[in-house]
Amino acid sequence: MTRFGPSGNPESFYNAGYKSSVDMPKWLSNMGLSAYEYQCNRGVRIGKELAERIGKEALKYDIFLSIHAPYYINLASPEKEKRKKSINYIIETLKAAKWMGAKRIVVHTGSYSKVDKKWALDTVKKELSHVIKEADASGYSDITICPEILGKNNQLGSLEEILDLCSIDERLIPTVDFAHLHARGQGSLNSPAEFEKVWYILENSLGRERVKNIHCHFSRVEFTKGGEKKHWTLKDTEFGPEFSHLAEIILKKNIEPVIICESREMMAEDALEMKKIYQKLKGGV
């Protein structure tokens with residue numbers, strides 16, 4: 001099944017009186033959602049007990065779990081020590097995912113603002129290989145690492161670059177962030193045909209099996225010449241892209257991705273709205 005859920009905990013969760021992420025799986029299930037991306041974007045600070053409690057609740061309510069690794073990971077840093085620390089941040093995220101029973105971790109691979117693009121890509125491929133070996137040795141081989149398509153032009157994270165990274169091990173799958181793709185392409189996703197082109201590239205590179213249940217991020221986005229500026233909500237219709245265009249291709253291709261909503265402060269509500277758009281189109285198919 002195609003799953004929908006939020007990235008992190010929305011304001012409405014706390015406004016309803018909840019304080020702990022342990023309550024998120026039940027809260028999401030009651031909304032009609034079935035996925036949750038736990039945020040470690042500012043550091044992996046979750047302990048084993050809390051992670052296990054979240055995992056038990058997610059299992060109970062059939063919530064698919066993923067974890068977003070720290071934003072400041074940079075496997076393309078010119079400084080070896082920073083690259084080593086970045087590997088450790090990924091391993092720490094994998095450890096938390098193991099405790100939680102999360103199936104995937106989302107990773108920002110780095111930036112080439114200070115280095116040559118080719119050097120950056122080659123370096124990240126080498127460092128990712130080290131990550132995979134260390135993950136396997138630590139017992140985390142069952143958790144999928146999902147390098148994310150990034151929205152700023154100085155970040156290593158174009159569709160082509162992420163697919164190149166995923167070529168080093170068949171267990172890697174991309175996090176296809178459609179807001180980031182749209183921003184990086186200066187507003188390139190404006191029709192179902194343009195979304196289908198992305199899917200054609202994914203399938204052609206990785207094969208249908210690897211992209212059938214791919215990890216996706218979606219929201220509207222504001223961008224500048226440098227790429228992504230700010231995520232917005234579905235109600236902010238002056239910004240693209242349109243979720244209905246993606247939903248059309250999901251149904252046409254008969255695939256079942258996990259779709260994580262990153263709408264600004266409205267990620268659960270918009271995830272539910274996206275599910276409704278998808279179901280309405282499905283009913284008309």
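Residue numbers run from 1 in the order of the sequence given. Note that these values count all heavy atoms, side chains included, but never hydrogens, waters or copies made by symmetry.
- If you chain together hydrophobic residues whose side chains sit under 4.5 Å apart, Y200 and F178 never meet in one group.
- When each of K118, K126, K125 is checked for a side-chain hydrogen bond (donor to acceptor under 3.5 Å, both in side chains) with D122, only K118 meets the rule.
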Problem set entry | Stepwise side chain to side chain contact (heavy atoms under 4.5 Å, CB included) check, I90 with I73 | CA-CA 8 Å; I90 297 173; I73 286 168; 3.6 Å; yes
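- A distance of 11.5 Å separates NZ in K235 from OG1 in T237, rounded to the nearest 0.5 Å.
- When each of R264, K229, K230 is paired with E222, the salt bridge (Lys or Arg N to Asp or Glu O under 4.0 Å) condition holds for K229 and for no other.
- If you check the side chains of Y18 and N9, you find no donor sitting under 3.5 Å from an acceptor.
- When only modelled atom types and interatomic distance are considered, T2 and Y278 share a side-chain donor-acceptor pair under 3.5 Å.
- Between the side chains of E127 and H130, a donor-acceptor pair is found at a separation under 3.5 Å.
- No single ILVMFWY cluster, assembled from side-chain heavy atoms under 4.5 Å apart, contains both I260 and V106.
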For this session: Starting from the C-alpha separation in whole Å, work towards a yes-or-no answer on salt bridge (charged side-chain N to carboxylate O under 4.0 Å, His left out) for K212 and E209.
Result: CA-CA 5 Å; K212 187 171 64 176; E209 278 306 304; 3.4 Å; yes
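- The two residues A268 and P6 make their nearest non-hydrogen contact at N-CB, 3.7 Å.
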Exercise. Taking it one step at a time, do K252 and E196 satisfy salt bridge (charged side-chain N to carboxylate O under 4.0 Å, His left out)?
Worked result: CA-CA 9 Å; K252 182 178 178 179; E196 188 169 19; 3.0 Å; yes
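- When only modelled atom types and interatomic distance are considered, S20 and D23 share no side-chain donor-acceptor pair under 3.5 Å.
- Between the side chains of Q39 and H68, not a single donor N or O lies within less than 3.5 Å of an accepting N or O.
- Counting all heavy atoms, side chain and backbone alike, N74 lies closest to G110 at OD1-CA, 3.2 Å.
- One hydrophobic cluster, built from ILVMFWY side chains closer than 4.5 Å, holds both I214 and F218.
- Defined by atom type and a distance below 3.5 Å, a donor-acceptor pair is present between the side-chain atoms of S263 and D270.
- A donor-acceptor contact closer than 3.5 angstrom links the side chains of E269 and S12.
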For this session: Determine, step by step, whether R171 and D136 satisfy the salt bridge (charged side-chain N to carboxylate O under 4.0 Å, His left out) criterion, reporting the C-alpha distance in whole Å, the side-chain angles of both residues, the deciding distance to 0.1 Å, and the verdict.
Result: CA-CA 12 Å; R171 291 171 295 176; D136 287 351; 3.0 Å; yes
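- Atom CG of residue L150 and atom OG of residue S111 lie 9.5 Å apart, to the nearest 0.5 angstrom.
- S86 contributes a side-chain N or O that, together with a main-chain N or O of K82, makes up a donor-acceptor pair within less than 3.5 Å.
- In this structure, the side chains of I162 and E148 stay at 4.5 Å or more apart for every pair of heavy atoms.
- Note: F239 and W232 have parallel aromatic rings, judged against thresholds of 30 and 60 degrees for the angle between ring planes.
- Side-chain contact between L159 and L202: present, with at least one pair of heavy atoms (C-beta onward) separated by less than 4.5 Å.
- Here the side chain of R184 pairs no donor or acceptor atom with the backbone of G227 at under 3.5 angstrom.
- Side-chain contact annotation: H217 with E37, donor-acceptor N/O pair under 3.5 Å present.
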Exercise. Side chain to side chain donor-acceptor pair (under 3.5 Å) between H215 and T175: does it pass, once the steps are laid out?
Worked result: CA-CA 5 Å; H215 205 72; T175 295; 4.9 Å; no
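- Considering CG of L189 and CD of E194, their distance stands at 6.5 Å, rounded to 0.5 Å.
- Under the 3.5 Å distance criterion, with hydrogens and angles disregarded, a donor-acceptor pair is assigned to the side chains of E161 and Y112.
- Screening K98, K103, R104 for a salt bridge (Lys or Arg N to Asp or Glu O under 4.0 Å) with D142, the sole residue that qualifies is K98.
- Side-chain heavy atoms closer than 4.5 Å link hydrophobic residues (I, L, V, M, F, W, Y) into clusters, and following such links, even through other members, never connects L128 to I173.
- Using a distance-only test at 3.5 Å, with no hydrogens or angles considered, no donor-acceptor pair links the side chain of N30 to the main chain of W27.
- Atom-to-atom distance recorded for N153:CG and F223:CZ is 10.5 Å, nearest 0.5 angstrom.
- A salt bridge links D62 to R3: one of the charged nitrogens lies within less than 4.0 Å of a carboxylate oxygen.
- Between K84 and E81 there is no salt bridge, since no side-chain N of the basic residue sits under 4.0 Å from a carboxylate O of the acidic one.
- Relative ring orientation between H180 and H108 is described as perpendicular, the plane-to-plane angle rising above 60° on a 0-90° scale split at 30° and 60°.
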